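Written out below as C-alpha cells is the structure these notes cover.
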Amino acid sequence: MSGFPDDIPFFDEDDTPRSKGQPAAQPAGGGIAARAMAARSAHRAPDYLTGLNPEQRLAVETTEGPVLVLAGAGTGKTRVLTTRIAHILATGRAWPSQILAVTFTNKAAREMKQRIGVLVGEAVEGMPWLGTFHSIGVKLLRRHAELAGLRSDFTILDTDDVIRLIKQLIQAEGLDDKRWPARQFAQMIDGWKNKGLGPEEIAEGDARAFANGKGRELYRAYQDRLHTLNACDFGDLLCHPIRIFRQHPDVLREYHAKFKYILVDEYQDTNTAQYMWLRLLAQRPETKRGAAVPAEGRKPDRAAGDFSPAPAEASGRSAASVNICCVGDDDQSIYGWRGAEVDNILRFEKDFPGAAVIRLERNYRSTAHILGAASHLIAHNEGRLGKTLFTEKADADDAKVMVHAAWDSEEEARAVGEEIEALQRRQHNLNDMAILVRASFQMREFEDRFVTLGLNYRVIGGPRFYERQEIRDAMAYFRVVAQGADDLAFERIVNVPKRGLGEAAIRQVHDTSRALRVPMLEAAAKLAESDEMKPKPRAALREVAANFARWQGLLDNTPHTELAETILEESGYTEMWKNDRSAEAPGRLENLKELIRSMEEYESLRGFLEHVALVMDAEQNEEMDAVNIMTLHSAKGLEFDTVFLPGWEEGLFPHQRALDEGGRSGLEEERRLAYVGLTRAKKNLHLWFTSNRRIHGLWQSTIPSRFLDELPEAHVEVAETGSSYGGYGTGSFGERQAGRQNPYGASRFDNVGQSGSFSNTYATPGWQRAQQNRTEATDRNWGSRSGHSVERIGYGEVDSGYGAGRTSVKGRTIEGELVAKSVSDSPSAFKVGDRVFHQKFGNGNIAAIEGNKLTIDFDKAGQKRVLDGFVSAA
DNA sequence: TCAGACGCGTTTTTT
DNA sequence: ACGCGTCTGA
C-alpha cells in the first residue's frame, strides 16, 4: 500500500484554512495516530461500508491501481464514488487535498461534495480538487497562467462573448459574416478544442472547410485575440493545462506527487481533451509500454490524434501505482454529438493495464418490468461492455411498461394530463412524475395542456439565469469594473442604456485602442479628452469613462453588493428597465435584484464573477409540487416514480438527424437515450406514440418507433387509450398503420399504473420557452426560489402552470365527459367578441372559436387558447 | 435610431 | 408554421 500521510509532503498552498486543523474524522496530523486510526477502521468495518453490496464494497475498497466501475443505471454509482473517497480519507491513505475528483457538471460536483460531507464531515472542505473538469482547469491555469501566456487574472469568456469576438475577426478578415457564421465557427473551434487540437494541429480539410480556406488562420487569429485580451474560452480551460503539462514536466511532476487518488464521474462522457488531461495526470512515469516509443513515431490510434506521453511520462522514474477510478456506464453515453468518446470507457483496460473492472449490476431503482424492458432494448446495441442489470424487486402488483397510441400530439398531451390527474387523485405527488421528451418543441404541447388544466409543472433545463440579457449586461458592467481590460464586456454595455454612442463612435474607440495598444476603456478616456470626436459622443464617453474610474476606485473599499447596486443605478441601467413598458421589464428588474442578492454569498466581486463564469446554473425551488418536464438528455441521473415518454415515433425518436448524420452509431446513441429514459422510472412507465405530428409546421403522418418493437413483450402492455377519444382509439390505429406490422396492433384494454409514493424531487432553473410569450413564467419561477411569491398576476403575460392549479380547476377535473366534449364539435355557448373571465388569466375578449376551444385575447395575459369550460361570461 | 420586412433554421447541452 | 435575428429604409 502506498504511503501514509506522514511521508507525503503536505501541499497546503491551495487548501482552505479549515483543512489545516484536521477534523475528527481525519487522522490527526501525526503519523502514529493516523496509522492507529487507519488500522482500527480497517479491521472493524466502519459505518460507511455497511449497507453496500459486495460489488459496491469491492469498488470502494479497491483503492490501489486503476479501477473501472461500470455502474448501470440505478446501481448506486454516486454512493460508491462518495464512499470511496470517505474510505480513502478515513483510512488515512490521503489527505483531502490529495484527492482529485472530477465531474462534468456543477450539479454533480455539488451533490458529491454534499454526500461526502455527510460521510466525513468537514474534511470535505479540505478537498480543493473536487469539481468539474473546468473548475479544476481554472484552478490549474490560475496557478500557472504565465506558462500559457496569460496573467493569472485572465477572464473566462462565455459562448456569447466568443461568438461576438469571432464575428469581429471574420469581419476584420474582410469575409462575409453571412456566408461564414460566427456561431458555426465557434462550434468548430469548440470541436477542435474538445479534441485538444490547437490551430497548428487541426486537419487540413477542417481548416479549409471554413472561411474560404482560412479556417486555420482564423483559429490562430482567435487564439491571438484571446491572448491579447488575457482571456480564455471554456475549451482553453482544458487545453492550456494539457499543454502546460506536456511542456513543463516539472509542473506535471508536482501534480503527480500531489494527487494520490484520482476519481472520475461519468467517464463515458469524457471527450478527447479530458481524456488526455486525465491521462497526463494519471499516467505515472512508467517505462514499459508507450513511453518508450517516441511521440512522433507513434501512430495516433484514433482520429483525435496525439496521445503521446508527456516528456515527464517518458523520463523514467520508477513506476508508481496509478490510483485512478473511473465510474461510468457505456450504455448511458448520450453526448457523442458534443465530443464525448464512448471509446474512452471501452478502452480503459488497454489504457490502464491491469485495471480492475467492477460491474455494478444490482439495480435499486426500478421494478423488474421496467428493468426488463430497458435491458432488452439496450441489448440491441453492439459494442457494449455489457452488463446485466437485475433487481430483487419483484412484485406481482407491479405495472408493466405501458405503451399508448394517440392520434396526434394534442391527444397525447391530453391523455398524459389525464393520467397525471388520475394519479394525483390517488395521492401521488406531482414531483414524482416526469415527462421526458426527445426534443424541446414537444414540451410546448404539454405546457399548453397543463396550463389549461391548471396543473403545476416545471420545465427543467434550457436557457438559464445567467444567460438572460439583463444579467449579462449587469455582469458586463461588473466585469469592466473588476477588469478594466475586458473589452468584450466594455463593448457590450458601452451603449447600454443608449448613450448615443453608435457604431461610428465605437469604431473610433476600437481604432484608438488598437493604435495605442490599450484597452478600450482607456482608449475611451483618452478620446474623451481629445478633440477627435464630435461633442455629443465625446461627452457620453467622458461620462462612461469617469463612471468606470469612480467605480473602480470603490472596488476595494466598498462592499461588493453595494458597489454592484451603485453601478447599476449610476449607469442608468436600472432606470432603463424601469422606463421600459414591455411586459418583461418588471421581471428583469426582479432578476437584477436577485443577482445582487446572490452576490452576498461571495467574498468579493471577483469571486462572484469567477463563480458565474463557471457555474451557469442556478438553483430552483423544489417546494412546489409540480410535474417535471424536460428532455431525455437532462433527465440523466434523475429518477421518478412515474415517467412518461411521449413521441416514440420514427424520425423523432430515433431522431432523423441522428440517423442521417450518425448512421449506425447515431442510432445506437439514440437507443442509449431511450435506455436512459426507460431507466429513469421507478414504478410506472408510460410510452406514447402518435400517428400524426406536426413537424416544421406541417402535419406528417408518423409510424411508431422501432424502439417499441425492441421491447420485450413479457414486460410490456399495450394500453387502450381510454374510452373518451371517440374514433381515435388504438383500434383504428392499427388500420392506419397498414403496411407496417406493429406488434402492438391488437391491444387489450387496460388501465394504467397504480402504485406510487413520495420521493426525491429535482429541479433546475426554469426554461424560457424560446418562442412564446412565456417569459414571465420563468422569471417568476426563478424569483420564487428566494421566497418570492410565485404568482405575479397583475401585469404582463401571466401564464404557465407555475403556481397554478390549486384553485382554477378545482372540482372540474377533466374526466371522460369533458374530454369527450373537447373533441366534439358541439358549438360553444360563446361567440366571438364576448367578454369573458378566466380564473387564471383574468378578463379577455374572445377572438376566435373552434368547437369548444376559444382563442381569447386576455387583457393581461395575452392571447391564449382555452376550453370554454374554463371561462365564464364577464 | 427604430420599426417593418425578409429569410433562415428548426435534436440533444455543459462549461 | 413560425419565431428569431439581421438588414434596410425612413
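What you see is a predicted model; the values in this text were computed from it and never measured. No hydrogens, no waters, no symmetry mates; every other heavy atom, side chains included, goes into these values. Letters A, B, ... mirror the listed sequences (proteins, then strands); counts begin at 1.
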Please report, rounded to the nearest Å, how far the [atom2] atom of [N] is from the [atom1] atom of [X].
{"X": "A:E650", "N": "B:dT11", "atom1": "CD", "atom2": "P", "answer": "17 Å"}
{"X": "A:F104", "N": "B:dT12", "atom1": "CZ", "atom2": "P", "answer": "20 Å"}
{"X": "A:H611", "N": "B:dT15", "atom1": "NE2", "atom2": "P", "answer": "11 Å"}
{"X": "A:M630", "N": "B:dT11", "atom1": "CE", "atom2": "C1'", "answer": "17 Å"}
{"X": "A:I695", "N": "B:dT11", "atom1": "CD1", "atom2": "P", "answer": "10 Å"}
{"X": "A:Q332", "N": "B:dT13", "atom1": "CD", "atom2": "P", "answer": "16 Å"}
{"X": "A:L238", "N": "B:dT14", "atom1": "CG", "atom2": "C1'", "answer": "11 Å"}
{"X": "A:R499", "N": "B:dT1", "atom1": "CZ", "atom2": "P", "answer": "12 Å"}

Closest to the [X] side chain, choosing from [options]:
{"X": "A:H696", "options": "B:dT14, C:dA1, B:dT12", "result": "C:dA1"}
{"X": "A:H633", "options": "B:dT15, B:dT13, C:dA1", "result": "B:dT13"}
{"X": "A:E670", "options": "B:dT13, B:dT11, B:dT15", "result": "B:dT11"}
{"X": "A:A439", "options": "B:dT15, B:dT13, B:dT12", "result": "B:dT12"}

Has [X] got a side-chain N or O lying under 4.0 Å from the OP1 or OP2 atom of [N]?
{"X": "A:N106", "N": "B:dT14", "result": "no"}
{"X": "A:S135", "N": "B:dT15", "result": "no"}
{"X": "A:R338", "N": "B:dT14", "result": "no"}
{"X": "A:T631", "N": "B:dT13", "result": "yes"}
{"X": "A:K498", "N": "B:dC2", "result": "yes"}
{"X": "A:R657", "N": "B:dT10", "result": "yes"}

Sidechain N-carboxylate O distance under 4.0 Å for [X], [Y]:
{"X": "A:E447", "Y": "A:R444", "value": "no"}
{"X": "A:E668", "Y": "A:R384", "value": "no"}
{"X": "A:R588", "Y": "A:D473", "value": "no"}

For A:D233, what residues pass the side-chain hydrogen bond (donor to acceptor under 3.5 Å, both in side chains) criterion, not counting sequence neighbours?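 For A:D233, the residues satisfying side-chain hydrogen bond (donor to acceptor under 3.5 Å, both in side chains) (neighbours in sequence not counted) are A:K193, A:Y222.
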Who are the side-chain hydrogen bond (donor to acceptor under 3.5 Å, both in side chains) partners of A:S409, not counting sequence neighbours?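 Applying side-chain hydrogen bond (donor to acceptor under 3.5 Å, both in side chains) to A:S409 gives A:E445.
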On DNA chain B, nearest-nucleotide positions of A:G502 versus A:S634: which is more 5'?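 That would be A:G502.
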On DNA chain B, check which nucleotide each of A:H655 and A:N495 is closest to and give me the residue with the more 5' one.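 First, find each residue's nearest nucleotide; the 5'-ward one identifies A:N495.
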Quick test of the criterion, 5.5 Å between centres and less than 30° between planes. Is A:W337 stacked on B:dT11 or not?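 So A:W337 does not count as stacking on the base.
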Could you give the distance separating B:dT12 and C:dG5 at their P atoms, to the nearest angstrom?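 Looking at atom P only, C:dG5 and B:dT12 are 16 Å apart.
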Would A:D331 and A:N381 count as having a side-chain donor-acceptor pair, cut-off 3.5 Å?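 Distance-only check fails for A:D331 and A:N381.
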Which part of the nucleic acid, if any, lies within reach of A:E661 when heavy atoms closer than 4.0 Å are counted: base, sugar-phosphate only, or nothing?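 Base contact.
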